[in-house]
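Read the structure below first, then the notes.
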Amino acid sequence: ISLGEQRAYFYKGGVLVGVSQLSTGREGLNTPIGNYKIIQKDKDHFSTLFGDYVDSSGKVVVANIDVKKDPKPPGTHFQGTPMPYFMRIVSGTGLHAGYLPGYPASHGCIRMYNADVLDLYRRTHIGTEVFVLR
């Protein structure tokens with residue numbers, strides 16, 4: 001994962017087999033640099049920290065909240081943001097399908113195009129190495 005290029009490079013047996021555009025963590029919520037391994041895979045993952053407060057009918061009352069900072073309005077409940085094909089590499093950070101605006105915009109996760117992350121999800125396993133570089 002190249003944070004500076006906002007690109008992922010995929011290798012198999014030391015041979016480059018693919019490249020994907022990314023959106024990684026924005027300033028203040030940076031994607032951590034380092035060498036990791038995939039420690040969890042969940043194709044139907046939802047964030048436990050970021051999402052919306054919704055009412056009993058499912059209508060969004062407060063959008064784009066952080067449960068650590070934003071108080072819950074009475075009569076609402078938390079609905080986590082979907083993170084399809086999630087592959088956790090460390091603590092609250094992983095690779096998953098998501099919006100790619102062309103610059104770092106996530107809360108620290110590594111967002112990829114749906115087709116690219118689905119292919120990666122199918123080809124990886126717990127223990128697959130992931131290198132995050134500047």
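Residues Leu22 and Phe10 fall within the same hydrophobic cluster, defined by Ile, Leu, Val, Met, Phe, Trp and Tyr side chains chained together at heavy-atom separations under 4.5 Å. Each of Leu49 and Phe46 belongs to its own hydrophobic cluster when Ile, Leu, Val, Met, Phe, Trp and Tyr are linked at side-chain heavy-atom distances under 4.5 angstrom. Taken together through direct or relayed side-chain contacts under 4.5 Å among Ile, Leu, Val, Met, Phe, Trp and Tyr, Leu100 and Ile110 form parts of separate hydrophobic clusters.
Atom-to-atom distance recorded for Leu133:CG and Phe131:CZ is 8.5 Å, nearest 0.5 angstrom. We find the CZ-OG1 distance between Arg7 and Thr24 to be 12.0 Å, quoted to the nearest 0.5 Å. The CE atom of Met87 sits 13.5 Å away from the OG1 atom of Thr93 when rounded to the nearest 0.5 Å.
Listed by first and then second residue, the salt bridge (Lys or Arg N to Asp or Glu O under 4.0 Å) pairs involving residues 101-122 are Asp119-Arg123 (not counting sequence neighbours). Pairs passing the salt bridge (Lys or Arg N to Asp or Glu O under 4.0 Å) check and including a residue from residues 18-42, sequence neighbours excluded, do not occur. Residue pairs meeting the side-chain hydrogen bond (donor to acceptor under 3.5 Å, both in side chains) criterion with at least one partner in residues 51-61, sequence neighbours excluded, are Asp55-Ser57. Residue pairs meeting the side-chain hydrogen bond (donor to acceptor under 3.5 Å, both in side chains) criterion with at least one member in residues 125-134, sequence neighbours excluded: His125-Thr128. Here ring pair (Phe, Tyr, Trp, His ring centres under 6.0 Å) pairs that include residues 90-109, with residues two or more places apart or in two chains, are Phe50-His107.
Between Ala105 and Pro101, the shortest heavy-atom contact is CB-CG, 3.6 Å. Residues Gly92 and Cys109 share a closest heavy-atom pair of O-SG, 3.8 Å.
Here the side chains of Thr124 and Val130 are not in contact, with every heavy-atom distance at 4.5 Å or above. A 4.5 Å side-chain heavy-atom check between Leu3 and Pro104 finds every atom pair outside the cut-off. Taking the side chain as every heavy atom from C-beta outward, Met112 and Leu120 approach each other to under 4.5 Å.
Every residue was checked against the side chain to side chain donor-acceptor pair (under 3.5 Å) condition with Gln79, not counting sequence neighbours, and none meets it. Listed by chain and residue number, nothing satisfies the side-chain contact (heavy atoms from CB on, under 4.5 Å) test with Asn30 (two or more places apart in sequence, or in another chain). Listed by chain and residue number, nothing satisfies the side chain to side chain donor-acceptor pair (under 3.5 Å) test with Ser91 (two or more places apart in sequence, or in another chain).
Judged purely by atom type and a 3.5 angstrom limit, Glu5 has no side-chain atom pairing as donor or acceptor with the backbone of Ser2. Between the side chain of Thr31 and the main chain of Gly25, a donor-acceptor pair closer than 3.5 Å is present. Counting only distance, with no hydrogens or angles, the side chain of Gln6 and the backbone of Gly102 share no donor-acceptor pair below 3.5 Å.
Under the 4.5 angstrom side-chain criterion for Ile, Leu, Val, Met, Phe, Trp and Tyr, the cluster partners of Val60 are Val54. In the hydrophobic clustering, Val19 connects to Tyr9, Tyr11, Leu16, either directly or through intervening members, whenever side-chain heavy atoms lie under 4.5 Å apart. Through side-chain heavy atoms spaced under 4.5 Å, either directly or across other Ile, Leu, Val, Met, Phe, Trp or Tyr residues, Phe86 is tied to Met83.
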Worked check of side chain to side chain contact (heavy atoms under 4.5 Å, CB included) between Val132 and Tyr36:
CA-CA 8 Å; Val132 181; Tyr36 305 100; 4.1 Å; yes

What side-chain donor-acceptor pairs closer than 3.5 Å can you find for residues 61-75, not counting sequence neighbours?
from  : atom 1 : to    : atom 2 : distance (Å)
Asp66 : OD1    : Lys68 : N      : 2.9
Asp70 : OD2    : Asp66 : N      : 2.6

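For the pairing with Ile89, the side-chain contact (heavy atoms from CB on, under 4.5 Å) check across Asn35, Leu95, Ile39, Ile1 returns one residue only, Leu95.
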